[in-house]
J.: 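Sharing a structure, written as structure tokens. Questions coming.
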Amino acid sequence: MSDLKKKILTTNLGNPVYEDQASITAGESGPTLLQDTHLIEKLAHFDRERIPERVVHAKGTGAHGYFEVTHDVSRFTRAAFLSEIGKRTDLFVRFSTVGGEKGSADSARDPRGFAVKFYTEEGNFDMVGNNTPVFFIRDAIKFPDFIHTQKRHPARHTQNPDMMWDFLSLTPESIHQVTILFSDRGTPKSFRHMDGHSSHTYMWYNQAGEYYWIKWHFKADLGFQTLTREEATELAGKNPDSATKDLYDSIAQGDYPSWTVYVQIMPPEEAKNYKFDPFDITKVWYHADYPLIPVGKMVLNRNPENFFAEVEQAAFSPGNFVPGIAASPDRMLQGRLFSYPDTQRHRLGPNFHQIPINAPKAAKANSYQRDGFMAIDGNGGASPNYYPNSFGGPAPDPQFAPPPVDVAGMVSRHPYVLSDIDFVQAGELYRRVMSDQDRANLVSNICDSLGQAQQRIQLRQTALFYKADPDYGQKVAEGLGLDLAAVKDLAAMSQEERVKATQA
Ligand code: HEM
């Protein structure tokens with residue numbers, strides 16, 4: 001290779017480096033000199049290599065791919081990327097576990113994050129969902145407390161069954177998600193073998209200004225395959241990065257995972273009289289009432305070239321909408337709309353949207369936001385930095401306005417009142433959807449975890465299983481060696497009485 005073609009090591013500012021194996025010292029055995037700016041640059045940059053991990057969903061991996069429309073849904077949404085059959089949009093997906101740190105095991109019992117960034121010609125649209133169609137709580141104000149119970153005990157610094165089951169048993173609306181999480185669906189075989197759901201309800205609106213409530217569902221073409229507790233535990237020890245490796249290897253080998261994408265669509269007038277609040281994320285809409293309507297296909301066909309640049313720095317938000325898609329009144333979702341860009345300003349800096357993985361690709365951003373740490377996109381150059389202006393700066397266009405939604409009511413902290421309907425879907429899942437083997441594994445998985453909590457907490461939680469389905473409660477009580485009569489008594493009480501009867 002000629003000298004001209006040879007790649008020369010440089011400093012970060014491009015200055016050629018003549019030696020990279022020895023620091024500058026005063027004599028052969030003397031101390032290192034401050035004038036070794038190359039050494040200082042290396043050490044100082046290394047000292048700052050870590051950024052805060054995501055406060056939840058810290059462990060995960062991602063891949064690039066595309067979405068292709070297979071069915072016409074243009075009468076429901078004006079979103080340009082959904083406008084015609086055959087249309088393709090580039091996307092980036094990140095899958096994750098929720099509670100564990102960056103180094104934790106991929107096969108842990110946990111929901112899996114399922115976050116998709118569509119690079120559309122109307123800017124980026126993010127679908128930030130999970131592999132479960134429901135969630136543990138239905139008000140954002142409970143989220144920090146819930147997550148604390150999933151993380152480490154403040155003194156012991158270990159995960160703590162007392163914390164977790166205390167919170168869940170004091171939060172009975174979690175029963176549906178708890179039943180999914182402790183089934184083998186809580187330990188998917190890999191990221192390729194699981195479905196994704198928006199869980200929340202969102203709004204779709206069309207060109208005529210008509211709107212609908214919708215939920216997204218991504219069905220894995222490989223089918224939802226799971227691990228037993230024993231398999232998941234063994235894998236956690238043998239290969240904590242099992243799902244990360246599986247996704248990378250399969251894409252590298254040309255075995256591209258894909259998902260068929262559906263929506264459920266509810267006309268707004270039906271939302272008012274549905275069997276339950278359709279914005280309550282602890283419940284699924286029955287497929288018999290709102291069948292899955294096919295929309296398209298998602299294929300992952302390209303691995304990241306650099307994990308930190310593309311996966312660690314990726315920033316998804318359920319509030320990244322395009323015209324045709326908007327928020328619903330779901331109060332969990334409303335909290336999320338704030339939380340994601342807020343944490344990203346902390347985790348990545350105020351200009352996180354300029355990082356290539358987060359920047360729009362098929363559209364151009366034209367805002368009046370300026371300055372801040374790491375403004376690297378030219379910062380608007382000499383163009384006006386205020387609006388309104390008469391110098392030809394970008395202006396809002398009313399044609400993109402979502403339809404107005406009728407809302408009225410008293411401003412207050414309105415609690416969701418717990419009712420029997422909150423136990424129905426967990427019971428149906430146990431009785432109607434699960435096989436005998438599924439039920440046996442569910443009960444065994446629950447007993448393995450709940451059995452480590454204090455007995456009064458075991459009783460309180462088992463009463464909730466009993467309320468969902470008597471056989472469910474009875475089997476857990478038997479597995480834990482609890483007094484069934486006491487469980488039945490607790491199940492017959494109101495939640496307030498139950499909490500009182502099981503205080504420390
Ligand atoms: C990540 C907050 C509920 C799915 C995160 C992050 C925060 C957060 C702060 C870290 C984001 C980042 O650092 O980039 C919340 C709050 C919730 C909530 C406050 C409730 C009020 C949910 C629900 C779902 C969900 C219900 C699914 C339906 C995700 C996913 C990620 C995530 C998939 C990882 C995104 C990625 O891969 O970068 N959440 N979350 N979250 N959340 Fe939530």
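The residues of the chain are indexed from 1 along the displayed sequence. The analysis underlying the following values was restricted to heavy atoms, covering all of them including side chains, and did not include hydrogens, waters or symmetry mates. Start at 1 and go down the list; that is how both ligands and their atoms are numbered.
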J.: Picking from Tyr211, Phe125, Tyr212, Trp216, what satisfies ring-ring contact (aromatic ring centres under 6.0 Å, His included) with Trp204?
T.: Trp216
J.: Determine whether the aromatic ring centres of Phe182 and Trp165 lie less than 6.0 Å apart.
T.: yes
J.: Tell me whether the NZ or CZ atom of Lys117 lies within the 45° cone about the ring axis of Phe92 and under 6.0 Å from its centre.
T.: no
J.: Give every pair formed by an N or O atom of ligand 1 and a protein N or O atom closer than 3.5 Å, one pair per line with both atom names and the distance to 0.1 Å, or write none.
T.:
residue: ligand 1; atom: 13 (O); partner: Arg347; partner atom: NE; Å: 2.8
residue: ligand 1; atom: 14 (O); partner: Gln344; partner atom: NE2; Å: 2.9
residue: ligand 1; atom: 14 (O); partner: Arg347; partner atom: NH2; Å: 2.9
residue: ligand 1; atom: 37 (O); partner: Arg94; partner atom: NH1; Å: 2.7
residue: ligand 1; atom: 38 (O); partner: Arg54; partner atom: NE; Å: 2.8
residue: ligand 1; atom: 38 (O); partner: Arg54; partner atom: NH2; Å: 3.3
residue: ligand 1; atom: 38 (O); partner: Arg94; partner atom: NH1; Å: 3.4
residue: ligand 1; atom: 39 (N); partner: Tyr340; partner atom: OH; Å: 2.8
residue: ligand 1; atom: 40 (N); partner: Tyr340; partner atom: OH; Å: 2.8
residue: ligand 1; atom: 41 (N); partner: Arg336; partner atom: NE; Å: 3.4
residue: ligand 1; atom: 41 (N); partner: Arg336; partner atom: NH2; Å: 3.4
residue: ligand 1; atom: 41 (N); partner: Tyr340; partner atom: OH; Å: 2.7
residue: ligand 1; atom: 42 (N); partner: His57; partner atom: NE2; Å: 3.3
residue: ligand 1; atom: 42 (N); partner: Tyr340; partner atom: OH; Å: 2.6

J.: If you round to the nearest 0.5 Å, how far is CG of Asp422 from CZ of Phe276?
T.: 10.0 Å
J.: Taking the side chain as every heavy atom from C-beta outward, state whether Leu429 and His176 have any pair of such atoms under 4.5 Å apart.
T.: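 Answer yes - side chains close enough.
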J.: Is the shortest heavy-atom distance from the side chain of Tyr416 to the side chain of Thr282 under 4.5 Å?
T.: no
